[in-house]
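Okay, structure first, notes after.
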Protein chains: 2
Amino acid sequence: MRKSKAETARTRNRIVETASDALRRNGISGTSLHELMSEAGMTHGGFYRHFDSKEQLIAEACSRGCDALLDTIRAAGSRSPDACPAGTSPGLAAIADTFLTPEYRDEDAACCPFVSFGSELARADAATRHAATEGMRRAIGLLEQEFHDGDMARMRAIAVFAALIGGGTLARIVDDPAFSDEILQAAKMLICRISRDATEGG
Amino acid sequence: MRKSKAETARTRNRIVETASDALRRNGISGTSLHELMSEAGMTHGGFYRHFDSKEQLIAEACSRGCDALLDTIRAAGSRSPDACPAGTSPGLAAIADTFLTPEYRDEDAACCPFVSFGSELARADAATRHAATEGMRRAIGLLEQEFHDGDMARMRAIAVFAALIGGGTLARIVDDPAFSDEILQAAKMLICRISRDATEGG
DNA sequence: CCATTTAGATGATGATCGTCATCATAAATT
DNA sequence: AATTTATGATGACGATCATCATCTAAATGG
């Protein structure tokens with residue numbers, strides 16, 4: 001049942017894409033190759049025609065998940081925010097609005113890798129950690145643009161990213177919806193505050 | 001080989017304590033009962049004399065890990081900080097100094113549960129999530145005290161906690177030490193900024 | 001002091017895991 | 001057209017997992 005070169009490449013791509021989704025739904029150790037491959041429409045046997053190991057796939061899927069995150073940040077940044085306190089950058093407010101809402105929190109698959117399996121990434125193999133590091137660099141780079149080369153733009157971008165990931169992670173843990181919403185609000189407020197600091201030169 | 005009541009209680013306690021450490025080192029799915037019990041100085045067989053399931057132990061160990069976190073926060077809050085920018089609460093600066101240092105980041109076992117297995121907690125069973133939620137409530141309550149009933153004390157305490165967890169999680173992922181240190185610095189700066197806002201009524 | 005209960009060791013259970021050998025088949029190459 | 005190559009299915013491998021049955025010896029309760 002050999003497939004054409006083009007179709008083989010498409011299959012490989014489909015596995016990575018499927019893994020990227022599955023990881024964000026179930027985490028690294030919660031994702032098995034069996035489940036993964038059948039989700040991609042195949043049996044488990046073909047896996048090693050495309051990858052050397054599960055770890056190699058995880059690294060690639062992590063990178064792919066970061067790409068998706070970047071796209072979401074870009075799309076969010078160019079939207080008009082639900083609410084934008086005076087002095088806050090509209091782009092940052094819109095990004096906070098996108099990632100720190102109950103709807104985004106309750107989504108399983110569209111979630112960002114760092115929220116979905118961030119604590120597992122700290123224990124992952126070198127290649128995966130590297131993919132995550134580079135993804136994080138790019139994400140922070142995007143946020144940095146929102147500060148228009150201002151003073152401490154990079155520092156502030158990192159702070160915003162930490163608030164996004166911290167708030168998102170905690171909100172997903174909490175089993176009390178009101179408390180969880182409070183966390184989202186606090187993180188959103190924090191990000192707007194950082195943005196205001198930048199425009200006011202605080 | 002039956003043991004006395006007191007010793008049985010001590011054994012059970014030792015298992016929970018061991019699990020609390022193991023969880024913070026290896027995460028939830030990275031911790032097996034085999035490994036756990038032998039770490040506690042026993043074979044795996046005796047486990048079910050003390051617990052109904054692995055999940056039940058995880059929930060208790062999570063609660064215990066939160067207790068340890070609370071103790072660390074309390075101890076940190078009453079220390080004098082390495083550096084304390086003008087207007088920043090010394091307690092908050094000291095807490096940031098404790099949790100956002102390279103030394104704390106590089107420790108395996110003493111780490112806080114939300115950093116160590118926060119993303120796994122979001123997918124854990126109801127009892128574990130509840131234990132985590134209550135632990136988080138208490139941690140935020142402690143931080144809230146640092147704001148002395150000021151305006152939005154609770155909101156700010158949540159923001160500080162999100163910055164701690166977000167910063168700590170990201171710093172542990174990154175494989176570039178300089179970048180990781182940068183993340184710790186940014187999160188620390190953020191927390192000092194929140195503290196200053198409170199004293200200045202910003 | 002005897003009968004009962006039980007903590008913890010040993011070892012088996014079935015399920016699931018990552019990985020690999022084999023095979024049929026169809027694309028690629030000659 | 002003949003030969004080689006490689007995809008993906010089938011199924012097995014050994015390891016590991018949570019859980020449980022059984023056995024022991026010691027603590028408990030009468």
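Values below: all heavy atoms of this structure, side chains included; hydrogens, waters and symmetry mates excluded. Quick note on labels: first sequence line is chain A, next is B, and so on, each numbered from 1.
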Do D52(B) and Y48(B) have side-chain heavy atoms sitting under 4.5 Å apart? no
- Query: Side chains of E146(B) and R156(B): closer than 4.5 Å at any heavy-atom pair?
  - Reply: no
Q: Check the angle between the aromatic planes of F161(B) and F114(B) and answer parallel, tilted or perpendicular using the 30° and 60° thresholds.
A: perpendicular
Short N/O separations, protein against nucleotides 19-23 of chain D, under 3.5 angstrom:
residue: dT19(D); atom: OP2; partner: Y48(B); partner atom: OH; Å: 2.3
residue: dT19(D); atom: OP2; partner: K54(B); partner atom: N; Å: 3.0
residue: dT19(D); atom: O5'; partner: Y48(B); partner atom: OH; Å: 2.7

Handout entry: Under 4.0 angstrom between S32(A) side-chain N/O and dT16(C) OP1 or OP2
Key = no
In terms of heavy-atom contacts, P113(A) and C66(A) come closest through CG-N, 3.9 Å
Discussion item. Check D197(A) with R193(A), please: is the shortest side-chain N to carboxylate O separation under 4.0 Å?
Written reply: yes
From CE of M37(B) across to C1' of dA7(C) the rounded distance in Å is 10 Å
Between G167(B) and A162(A) the two heavy atoms that sit nearest each other are N-CB, 3.9 Å
Per the under-4.0 Å heavy-atom filter, residues of residues 119-130 of chain A near DNA chain C come out as none
| task | Report the C-alpha separation of T133(B) and D175(A) in whole Å, then their side-chain angles, then the decisive distance to 0.1 Å, and conclude whether the side-chain hydrogen bond (donor to acceptor under 3.5 Å, both in side chains) test is met. | result | CA-CA 6 Å; T133(B) 301; D175(A) 64 357; 3.1 Å; yes
Pairs under 3.5 Å (N/O, protein and nucleotides 3-5 of chain C):
residue: dT5(C); atom: O2; partner: R2(B); partner atom: NH1; Å: 2.2

Report task. Indicate yes or no: at least one non-hydrogen side-chain atom of R129(A) is less than 4.5 angstrom from one of R123(A). Result -> no
F51(A) CZ to dT7(D) C1', in whole Å, measures 14 Å
Applied to residues 13-31 of chain A, the salt bridge (charged side-chain N to carboxylate O under 4.0 Å, His left out) test, sequence neighbours excluded, yields E17(A)-R64(A), D21(A)-R24(A), R25(A)-E39(A)
Whole-Å distance, L57(B) CG to dC17(D) P, equals 15 Å
Subject >> Beyond-backbone contact of R154(B) with E182(A), side-chain heavy atoms, under 4.5 angstrom >> reply: yes
(Q) Would you say that more than 12 heavy atoms from the other residues, nucleotides or ligands in this model lie under 6.0 Å from the CG of D71(B), or not? (A) yes
Writing each nucleotide of DNA chain D 5' to 3' as (, ), [, ], | or . by Watson-Crick or G-U pairing under 3.5 Å yields ||||||||||||.||||.||||||||||||
request  = May I ask you to decide whether E134(A) forms a salt bridge with R137(A), counting only side-chain N to carboxylate O separations under 4.0 Å?
outcome  = yes
In whole angstroms, the gap separating P of dC20(C) from NE2 of H50(A) amounts to 16 Å
Worksheet item: Hey, are the side chains of T199(A) and F147(A) touching, using non-hydrogen atoms and a 4.5 Å cut-off?
Response: no
Item checked: Ion pair check, D181(B) and R105(B), cut-off under 4.0 Å -> yes
What residues 3-31 of chain B contributes to the DNA chain D interface at heavy-atom separation below 4.0 Å is K3(B), S4(B), K5(B), T31(B)
(Q) Under 4.0 Å, counting only non-hydrogen atoms across every strand here, what does T43(A) touch: a base, just sugar-phosphate, or nothing? (A) base
Item to check | S38(A) side chain reached by H44(A) side chain, heavy atoms, under 4.5 Å | outcome: no
Minimum side-chain heavy-atom gap L100(A)-L164(A) below 4.5 Å:
yes
Separation of dA15(D) atom C1' from E35(B) atom CD, nearest Å, is 15 Å
